[in-house]
Amino acid sequence: MNKVSYLLNKVRHGVRISPEEALLLARKAQIHELGRTAFSVRSRMYKDKAFFIYNQHLNYTNICSNACIFCAYSRQEGEEGAYTMSVDQIRKAVLDRIHEPIDEIHIVGGLNPDIPYAYYLDMLSAVKELRPKVRIKAFTAVEIAFLSAKYGLTRKRILLDFVQAGLDALPGGGAEVFAPRLRRRLCPEKLSGEEWLKIHELAHSLNIPTNCTLLFGHIEAWEDRLEHLNALRDLQDRTNGFLCFIPLPYQPGSNDLKAGGPDGLDMTRMWALSRIFLDNIPHIKAYWVFAGIKAAQVGLWCGADDFDGTIVEEKVGHAAGADTPKGLDIDSLKHHILAAGFIPVHRDSFFQPR
Ligand code: V47
Ligand code: SF4
């Protein structure tokens with residue numbers, strides 16, 4: 001048996017592989033071998049089910065004091081297209097869809113130095129008041145670190161205040177790639193990978209579940225991807241607080257990074273390696289918004305088990321050229337999952353069937 005077959009066999013038997021072994025698979029295994037192994041793992045966990053959620057995205061401001069080179073979404077104060085939603089506008093965005101059975105509201109924004117601390121609490125309470133049953137997944141570790149530095153409050157204080165105001169979970173954004181040498185080029189002002197991990201560890205210790213991401217398909221190598229996945233797996237071993245891993249395919253439009261973006265094959269390898277390597281993170285998302293619907297359908301055959309949701313309306317990836325719809329209705333979402341050969345399972349924020 002060659003080394004690739006030996007390792008894939010090990011994974012199929014539920015034995016953990018090391019980052020070095022995963023790197024060998026990333027370099028040497030054929031796509032069909034990787035895909036088949038990742039499929040056998042996800043099938044053992046979820047049979048032929050694929051999850052989706054009825055959700056709404058709210059991007060409350062695009063004004064950001066950081067300038068990540070890959071970001072097409074952020075604006076400076078006063079620049080054309082810069083906006084900040086008032087709490088009343090947030091209320092209106094929620095009320096506009098109040099007749100829909102939305103289970104989760106995903107709220108993230110830029111680092112806007114002119115927003116008072118009370119705004120965040122008011123925004124959370126306003127959403128919960130209008131929709132008491134909705135789960136709010138809001139604010140990346142980057143926003144939490146920014147608020148902590150700006151208002152001189154501990155990260156713990158902020159998380160506890162936010163939970164009291166209605167926060168249920170943290171999204172996985174802002175992780176990018178942890179490798180410091182890449183971060184210096186991609187997002188020099190952003191908190192380090194270590195700090196990102198510390199904030200998620202803190203959230204887990206407070207019983208706040210979180211997601212995790214990797215921005216891939218730009219200037220990183222497989223070594224960097226696996227170093228990143230290994231840091232996530234190590235933290236999950238300690239806390240078990242991550243619900244879902246989302247590999248985010250880099251969108252190359254309207255930003256200064258000038259890298260190509262992953263092709264379908266690279267995305268497929270990424271989903272497969274994620275499922276194979278992250279043996280302790282329950283869910284892998286094929287995020288149709290960034291990957292495209294057709295690639296995400298293939299992702300379900302290669303390790304992913306979650307398709308995300310209805311969204312309406314996503315701004316970060318679309319600013320960078322994502323050519324997917326800004327949202328999908330529930331019937332289209334179910335149709336795409338069924339057409340891919342899976343049973344759609346309508347889930348809540350914590351992956352419980354609805
Ligand atoms: O943090 C910015 C990324 C993230 C680009 O937790 C880009 O359930 C690709 O994190 N190309 C926001 N990506 C999106 C995100 C997310 C999405 C869906 C679900 C969840 C979840 C989280 O988007 C940012 C950044 O990493 N991003 N610019 C770009 N050009
Ligand atoms: Fe700001 Fe986030 Fe864009 Fe970076 S990725 S510039 S932190 S909005």
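Any value given below was found using the heavy atoms of this structure, including those in side chains, with hydrogens, waters and symmetry copies removed. Remember, it's 1-based here, ligands and their atoms both numbered in the order they're listed.
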Atom indices of ligand 1, in the order listed, that fall short of 4.0 Å to a heavy atom of G173: 1 (O), 10 (O)

Where ligand 1 meets V316 - atom numbers and elements under 4.0 angstrom, heavy-atom basis: 2 (C), 23 (O), 27 (N), 28 (N)

Show the atoms of ligand 2 that are less than 4.0 angstrom away from any heavy atom in C71. 3 (Fe), 5 (S), 6 (S)

Determine, for R97 against E313, whether the closest basic-nitrogen to carboxylate-oxygen distance falls under 4.0 angstrom. no

Min over F216, Y73, F242, F70 of heavy-atom distance to atom 5 (C) of ligand 1 lands on F70

Exactly one of F307, W271, Y46 should register a ring pair (Phe, Tyr, Trp, His ring centres under 6.0 Å) with H283. Which one does? Y46

Min N/O separation Q251 to ligand 1 under 3.5 Å: yes

At less than 4.0 angstrom from any non-hydrogen atom of A320, what atoms of ligand 1 do you find? 30 (N)

Between D168 and K128 (salt bridge meaning N to carboxylate O under 4.0 Å), is one present in this structure? yes

Go through ligand 1 atom by atom and flag the ones less than 4.0 Å from a non-hydrogen atom of Y287. 17 (C), 18 (C)

Do R36 and F39 form a cation-pi contact, if we require the NZ or CZ to be under 6.0 Å from the six-membered ring centre and within 45 degrees of the ring's axis? no

Relative to atom 8 (O) of ligand 1, which among K137, E104, E314, E176 owns the nearest non-hydrogen atom? K137

Return a yes/no value for G172: is any of its N or O atoms, backbone included, closer than 3.5 angstrom to an N or O of ligand 1? yes

Could you tell me which atoms of ligand 2, counted from 1 in the order shown, lie closer than 4.0 angstrom to a heavy atom of S74? 3 (Fe), 6 (S)

Any protein heavy atom under 4.0 Å from atom 12 (C) of ligand 1? no

Can a side-chain donor-acceptor contact be found between E194 and S192 if the only test is distance below 3.5 angstrom? no

Is there a side-chain contact between I284 and D306 (heavy atoms, below 4.5 Å)? no

Can you tell me which residue and heavy atom of the protein come closest to atom 7 (C) of ligand 1, and the distance to 0.1 Å? L215 CD1, 3.8 Å

Polar side chain donor-acceptor pair, N112 to T61, under 3.5 angstrom: yes

Would R233 and F277 count as a cation-pi pair here, with the cationic atom under 6.0 angstrom from the ring centre and within 45° of the axis? yes

Metal site atom 1 (Fe) of ligand 2: N/O/S of C64 inside 2.8 Å: yes

Please determine if E104 and K137 form a salt bridge, counting it only when a charged side-chain N lies under 4.0 Å from a carboxylate O. yes

Give the residue and atom name of whichever protein heavy atom lies nearest to atom 4 (Fe) of ligand 2, and the separation in Å to one decimal. C68 SG, 2.3 Å

For E201 and T239, test the side chains for any donor-to-acceptor distance below 3.5 angstrom and give the result as yes or no. no

Is the F139-Y120 ring centre distance short of 6.0 angstrom? yes

Give me the residue, atom name and distance of the protein heavy atom closest to atom 5 (S) of ligand 2. K190 NZ, 3.5 Å

Per-atom filter on ligand 1: closer than 4.0 angstrom to a heavy atom of G174 are 1 (O)

For P171, the ligand 1 atoms with a heavy-atom partner under 4.0 Å come out as 6 (O)

What I'd like to find out is whether the side chain of F52 reaches to under 4.5 Å of the side chain of D308, using heavy atoms alone. no

Under the ring-ring contact (aromatic ring centres under 6.0 Å, His included) rule, what do F216 and H228 come out as? Steps first, then yes or no, please. CA-CA 11 Å; F216 76 101; H228 187 102; over 10 Å; no

Can you name the atoms of ligand 1, numbered from 1 with element, that are less than 4.0 Å from a heavy atom of I246? 6 (O), 8 (O), 20 (C), 21 (C)

Return the option from H106, H57, H318 holding the heavy atom at the smallest distance from atom 16 (C) of ligand 1. H106

When distances are taken from atom 4 (C) of ligand 1, the protein heavy atom at minimum range is L248 CD1, 3.8 Å

Atoms of ligand 1 less than 4.0 Å from P249 heavy atoms? 9 (C)

